[in-house]
Amino acid sequence: QVQLAESGGGLAQAGDSLTLSCAASGRSFSSRFMAWFRQAPGKAREFVARVSPGGTTSYADDVKGRFTISRDLAKNTVTLQMNSLKPEDTGVYYCAATNIYFATAVGSYDNWGQGTQVTVSS
């Protein structure tokens with residue numbers, strides 16, 4: 001088990017950048033696949049990006065080239081750097097962990113943070 005806590009959300013204008021951070025506690029962090037998901041009002045939670053224990057990353061098509069996920073094993077953190085923000089990036093962003101390889105489904109993740117709100121205005 002790993003406990004997760006997100007921070008860094010807030011208000012932004014289209015074209016701005018924001019950095020989200022996820023602090024993890026628990027001995028298993030280094031072996032877990034970590035991901036960011038988001039949920040817009042009235043919509044289902046969706047995959048944004050993931051990073052493997054070895055640092056391999058993958059992204060949803062609509063954030064590819066704009067968002068960067070990274071992890072710092074020494075600090076037990078996962079970061080989501082979001083550039084060129086769009087109004088459609090608005091939502092609650094969640095950090096999540098799993099032992100399942102290359103997972104993008106919500107149901108594949110068994111540890112979740114409480115979420116942090118990101119609001120992008122046009």
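Worth saying up front: this structure is predicted, and the values here are computed from it rather than measured.
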Donor-acceptor contact present, side-chain R38 to main-chain Q117, <3.5 Å: no
Same apolar cluster: Y59 and L85, side chain cutoff 4.5 Å: yes
Nearest 0.5 Å, please: how far is CZ in R71 from OG in S52? 7.0 Å
D62 CG to D89 CG distance, which is reported to the nearest 0.5 Å: 7.0 Å
Same apolar cluster (I L V M F W Y, side chains within < 4.5 Å links), L18/F37: no
Between OG on residue S108 and CZ on residue F102, distance to nearest 0.5 Å: 13.0 Å
Between Y101 and F33 (judged by ring centroids, cut-off 6.0 Å), do the two rings come close enough to count as a pair? yes
Quick one: CD on Q3 to OG on S25, what's the gap to the nearest 0.5 Å? 4.0 Å
Taking Q114's backbone N and O only, do any of them form a donor-acceptor pair with E6's side chain (distance below 3.5 Å, no angle check)? yes
Verify the distance criterion only: is there a donor paired with an acceptor across the side chains of Q13 and S121 at less than 3.5 Å? no
Given side chains that start at C-beta, do those of V92 and T116 come closer than 4.5 Å, heavy atoms only? no
So CG of D16 and CG of L11: to nearest 0.5 Å the spacing works out to 10.5 Å
Under a 4.5 Å cut-off applied to non-hydrogen side-chain atoms, are V51 and T56 in contact? no
Which atom pair, heavy atoms only, marks the closest approach of L80 to W36? CB-NE1, 3.5 Å
At their closest point, which heavy atom of A103 faces which heavy atom of T98, and how far apart are they? CB-CG2, 4.4 Å
Look at the side chain of S17 and the backbone N and O of N83, then say whether any donor-acceptor pair between them is shorter than 3.5 Å. no
Taking all atoms of both residues into account, what is the closest heavy-atom pair of F47 and A35, and its distance? CE1-CB, 4.4 Å
Quick check: is V78 connected to L73 through a chain of hydrophobic side chains (ILVMFWY, heavy atoms under 4.5 Å apart)? yes
dist K64:NZ -> S58:OG (nearest 0.5 Å) comes out at 8.0 Å
Give the C-alpha distance, both sets of side-chain angles, the deciding distance and a yes or no for side-chain contact (heavy atoms from CB on, under 4.5 Å) between M82 and T19. CA-CA 6 Å; M82 305 186 294; T19 302; over 6 Å; no
Anything under 30° is parallel, anything over 60° is perpendicular, the rest tilted; go ahead and classify Y94 against W112. perpendicular
Under a 3.5 Å distance rule, please check whether T90 uses its side chain to pair with a backbone N or O of V120 as donor and acceptor. yes
Does a donor on one side chain sit under 3.5 Å from an acceptor on the other, for T79 and Q81? no
Smallest heavy-atom separation, S30 atom then P53 atom, equals O-CB, 3.4 Å
Exercise: do D72 and T77 side chains pair donor with acceptor under 3.5 Å: no
Ring of Y109, cation from R50 - is the NZ or CZ under 6.0 Å from the centre and inside 45° of the axis? no
Non-neighbouring partners of A97 that pass side chain to side chain contact (heavy atoms under 4.5 Å, CB included), sequence neighbours left out: V2, L4, R32, M34, N111
